[in-house]
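As a basis for the values below, the full set of heavy atoms in this structure was taken, side chains included, without hydrogen atoms, waters or symmetry mates. Keep in mind it's a predicted model, so treat the numbers as computed, not measured.
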Amino acid sequence: FDIVLIDKIDLLSSGRLSMFDEKFSLIDNFTIIEILIGKGFGSDLILTDVWWWGSKGSHNDFITIFFENGILFFILFVITLKKIYSLFETNLTKIFFLTIIFTSLISNGFIVRPMAMYVMVLVFLIANNYKKINRNA
């Protein structure tokens, strides 16, 4: 088992590394307008040799956001995430939030999956109200 070979590492990543490489190659060819405002909804989906049976996205929410919406939206999005993080008062909610960010870096995370995000919103509501419930008990 020689993990040093990039092909074997790519196998362990389920082809994500190949997809990331492909996306960065495509981004290298963006025009200035595409860098600023992106290529539009769904433009992140491509056919590759790794996933030959259908078009797939980058499996990274941040690459998807940049690809579809451009650097301007991406910067606003990151600023918004930073502001949201600063609003959390407890370490527990901060850890939940950082978990969301981490999952979005390594796969299709909670940021672009509406059903999964609904669950996370409920977790934040429960965590936020847990403190209030214990104070009133």
Side-chain angles (χ1 to χ4, degrees):
F1 191 107
D2 185 6
I3 197 162
V4 176
L5 296 174
I6 192 68
D7 290 341
K8 291 186 179 180
I9 294 172
D10 196 39
L11 274 174
L12 292 174
S13 75
S14 301
R16 280 175 176 74
L17 296 178
S18 292
M19 182 59 86
F20 295 165
D21 183 52
E22 181 71 24
K23 293 299 173 165
F24 290 129
S25 295
L26 291 171
I27 289 170
D28 277 346
N29 295 315
F30 274 18
T31 66
I32 295 295
I33 297 293
E34 291 169 338
I35 288 171
L36 291 174
I37 62 172
K39 294 187 79 144
F41 180 75
S43 62
D44 184 49
L45 302 174
I46 61 169
L47 289 171
T48 69
D49 293 337
V50 178
W51 290 300
W52 49 268
W53 56 90
S55 57
K56 298 290 179 189
S58 62
H59 283 70
N60 179 312
D61 291 350
F62 292 93
I63 294 173
T64 299
I65 288 167
F66 175 78
F67 206 92
E68 293 181 353
N69 302 292
I71 193 77
L72 298 176
F73 181 84
F74 183 82
I75 290 169
L76 288 173
F77 181 72
V78 171
I79 290 169
T80 302
L81 289 177
K82 186 176 184 235
K83 180 64 178 169
I84 291 170
Y85 180 82
S86 71
L87 295 174
F88 296 128
E89 297 174 1
T90 66
N91 287 337
L92 183 61
T93 52
K94 288 180 179 184
I95 289 169
F96 285 149
F97 188 75
L98 292 175
T99 301
I100 289 172
I101 300 304
F102 180 73
T103 63
S104 295
L105 286 170
I106 61 169
S107 187
N108 295 329
F110 291 107
I111 293 173
V112 297
R113 287 185 179 172
M115 291 302 287
M117 195 55 177
Y118 293 145
V119 172
M120 290 311 298
V121 168
L122 288 174
V123 167
F124 281 115
L125 290 172
I126 291 167
N128 187 44
N129 289 315
Y130 182 76
K131 193 168 45 172
K132 293 175 187 173
I133 292 168
N134 282 341
R135 263 187 282 165
N136 294 334

For this session: Provide the full list of salt bridge (charged side-chain N to carboxylate O under 4.0 Å, His left out) pairs with a residue in residues 24-37, sequence neighbours left out, each pair given once.
Result: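 Qualifying pairs, neighbours excluded: E34-K39.
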Exercise. What's the shortest heavy-atom distance between G40 and S43, and which atoms?
Worked result: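 Taking every non-hydrogen atom into account, O-OG, 2.7 Å.
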Exercise. For the atom pair CD1 (I79) and CD1 (I84), what is the distance rounded to the nearest 0.5 Å?
Worked result: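 Result: 12.0 Å between the selected atoms.
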Problem set entry | Test ring-ring contact (aromatic ring centres under 6.0 Å, His included) applied to F97 - qualifying residues, sequence neighbours left out |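 Listed in chain order: F88.
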For this session: Might you confirm whether atom CD1 of I32 has over 12 heavy atoms from other residues, nucleotides or ligands at distances under 6.0 Å?
Result: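 Count not over threshold, so no.
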Mind listing the side-chain donor-acceptor pairs of residues 61-78 below 3.5 Å, one per line with the distance, residues two or more places apart or on another chain?
{"unit_1": "D61", "atom_1": "OD1", "unit_2": "G109", "atom_2": "N", "d": "3.2"}
{"unit_1": "D61", "atom_1": "OD2", "unit_2": "S104", "atom_2": "OG", "d": "2.8"}
{"unit_1": "D61", "atom_1": "OD2", "unit_2": "G109", "atom_2": "N", "d": "3.1"}
{"unit_1": "D61", "atom_1": "OD2", "unit_2": "I111", "atom_2": "N", "d": "3.3"}
{"unit_1": "T64", "atom_1": "OG1", "unit_2": "D44", "atom_2": "OD2", "d": "2.8"}
{"unit_1": "T64", "atom_1": "OG1", "unit_2": "S58", "atom_2": "OG", "d": "3.0"}
{"unit_1": "T64", "atom_1": "OG1", "unit_2": "N60", "atom_2": "O", "d": "3.2"}
{"unit_1": "E68", "atom_1": "OE2", "unit_2": "G42", "atom_2": "N", "d": "3.1"}
{"unit_1": "N69", "atom_1": "ND2", "unit_2": "I65", "atom_2": "O", "d": "3.2"}

Exercise. If two hydrophobic side chains count as joined below 4.5 Å and joins carry through other members, does F41 share a cluster with I27?
Worked result: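 No; I27 is not reachable from F41 via cluster members.
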Exercise. Given side chains that start at C-beta, do those of Y85 and L98 come closer than 4.5 Å, heavy atoms only?
Worked result: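 With C-beta onward as the side chain, the pair touches.
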